[in-house]
Amino acid sequence: LLSHHDPHKQMETYFVNFDINSDSADLIDNHHGQAFCYVINGNIEITLNKQNYLLKKGDCFYYNSFVDHLIKNINGNISKMIWIITHPNI
C-alpha cells in the first residue's frame, strides 16, 4: 500500500501517470501544506511562481503547496511519479 487509510493521517500518497502533454491543473488546487514529488520515469516540468524546473527519472522536488504550481509531462511518452502531499483538509 502506498497510503494507509488512517482517519488521522496528515499526508496523501499518489502514484501518478501523466499522459503525453498532460498536467496537474485538474488534480489539486493550492492549499496549506507541502508536497514531495519523485520522478519514476519520464521528464516532468514543475512551475512554481512562474519559475520552471525540469526533472528527469530519479529526481525529486519539495515545495509549499500554497504557492502557484503546475506539474506537466514534457516527455514523448507517459511519465510516472510519486506525489506525496499534506492532506488539503488539515
Side-chain angles (χ1 to χ4, degrees):
L1 294 173
L2 285 179
S3 179
H4 186 269
H5 299 288
D6 178 351
H8 304 290
K9 70 180 176 180
Q10 296 183 10
M11 303 297 290
E12 293 282 339
T13 305
Y14 300 96
F15 182 84
V16 182
N17 289 320
F18 283 102
D19 288 331
I20 298 169
N21 295 320
S22 66
D23 61 40
S24 63
D26 294 329
L27 291 178
I28 194 161
D29 294 327
N30 295 6
H31 66 279
H32 179 73
Q34 299 172 329
F36 171 83
C37 301
Y38 175 79
V39 180
I40 296 170
N41 185 40
N43 297 300
I44 299 287
E45 178 182 74
I46 296 182
T47 304
L48 292 174
N49 286 331
K50 301 179 183 175
Q51 175 70 40
N52 294 335
Y53 301 91
L54 301 177
L55 295 110
K56 62 185 182 314
K57 179 180 177 179
D59 288 342
C60 58
F61 201 81
Y62 181 87
Y63 63 94
N64 291 310
S65 301
F66 58 84
V67 300
D68 288 335
H69 59 277
L70 182 71
I71 300 172
K72 183 176 181 180
N73 178 13
I74 58 170
N75 196 37
N77 294 305
I78 293 174
S79 289
K80 300 177 182 182
M81 68 178 222
I82 294 176
W83 193 358
I84 303 170
I85 62 168
T86 306
H87 193 283
N89 296 326
I90 290 184

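The analysis underlying the following values was restricted to heavy atoms, covering all of them including side chains, and did not include hydrogens, waters or symmetry mates.
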>> Restricting to side-chain hydrogen bond (donor to acceptor under 3.5 Å, both in side chains), what partner residues turn up for Asn49, sequence neighbours left out?
In response: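 Result, side-chain hydrogen bond (donor to acceptor under 3.5 Å, both in side chains) vs Asn49: none returned.
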>> Holding to side-chain hydrogen bond (donor to acceptor under 3.5 Å, both in side chains), I want the full list of residues that pass it with Thr47, two or more places apart in sequence or in another chain.
In response: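 Result, side-chain hydrogen bond (donor to acceptor under 3.5 Å, both in side chains) vs Thr47: Asn52.
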> Does the Asp23 side chain pair with the main chain of Ala25, one donor and one acceptor, at a distance under 3.5 Å?
Replying inline: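 Yes, because the side chain of Asp23 sits within donor-acceptor range (under 3.5 Å) of the backbone of Ala25.
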> Given the rule that I, L, V, M, F, W and Y join up when any side-chain heavy atoms are under 4.5 Å apart, are Ile44 and Leu70 in one cluster?
Replying inline: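 Unlinked, Ile44 and Leu70 end up in two clusters.
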> For the hydrophobic clusters of this structure (ILVMFWY residues joined by side-chain heavy atoms under 4.5 Å, transitively), does one cluster hold both Ile20 and Val16?
Replying inline: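 No, no single cluster joins them.
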Sequence neighbours excluded and cut-off under 3.5 Å, please list the side-chain donor-acceptor pairs for residues 71-81, or say none.
unit_1: Asn73; atom_1: OD1; unit_2: Asn75; atom_2: N; d: 2.8
unit_1: Asn73; atom_1: OD1; unit_2: Ser79; atom_2: OG; d: 2.7
unit_1: Asn73; atom_1: ND2; unit_2: Phe18; atom_2: O; d: 3.0
unit_1: Asn73; atom_1: ND2; unit_2: Asp19; atom_2: O; d: 3.0
unit_1: Asn73; atom_1: ND2; unit_2: Asn77; atom_2: O; d: 2.9
unit_1: Asn75; atom_1: OD1; unit_2: Asn43; atom_2: ND2; d: 3.1
unit_1: Ser79; atom_1: OG; unit_2: Asn43; atom_2: N; d: 3.2
unit_1: Ser79; atom_1: OG; unit_2: Asn43; atom_2: O; d: 3.4

Using residues 53-62 as the side-chain source, report each donor-acceptor pair under 3.5 Å to any protein atom, sequence neighbours left out, with the distance given to one decimal.
unit_1: Asp59; atom_1: OD2; unit_2: Lys56; atom_2: N; d: 2.9
unit_1: Tyr62; atom_1: OH; unit_2: Gln34; atom_2: OE1; d: 2.3
unit_1: Tyr62; atom_1: OH; unit_2: Gln34; atom_2: NE2; d: 3.3

>> If the condition is side-chain contact (heavy atoms from CB on, under 4.5 Å), which residues does Asn21 pass it with, not counting sequence neighbours?
In response: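 For Asn21 there are no side-chain contact (heavy atoms from CB on, under 4.5 Å) partners, ignoring immediate neighbours.
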> In Å and rounded to the nearest 0.5 Å, what is the CD1 to OH distance from Ile84 to Tyr38?
Replying inline: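 Reported value, rounded in 0.5 Å steps: 11.5 Å.
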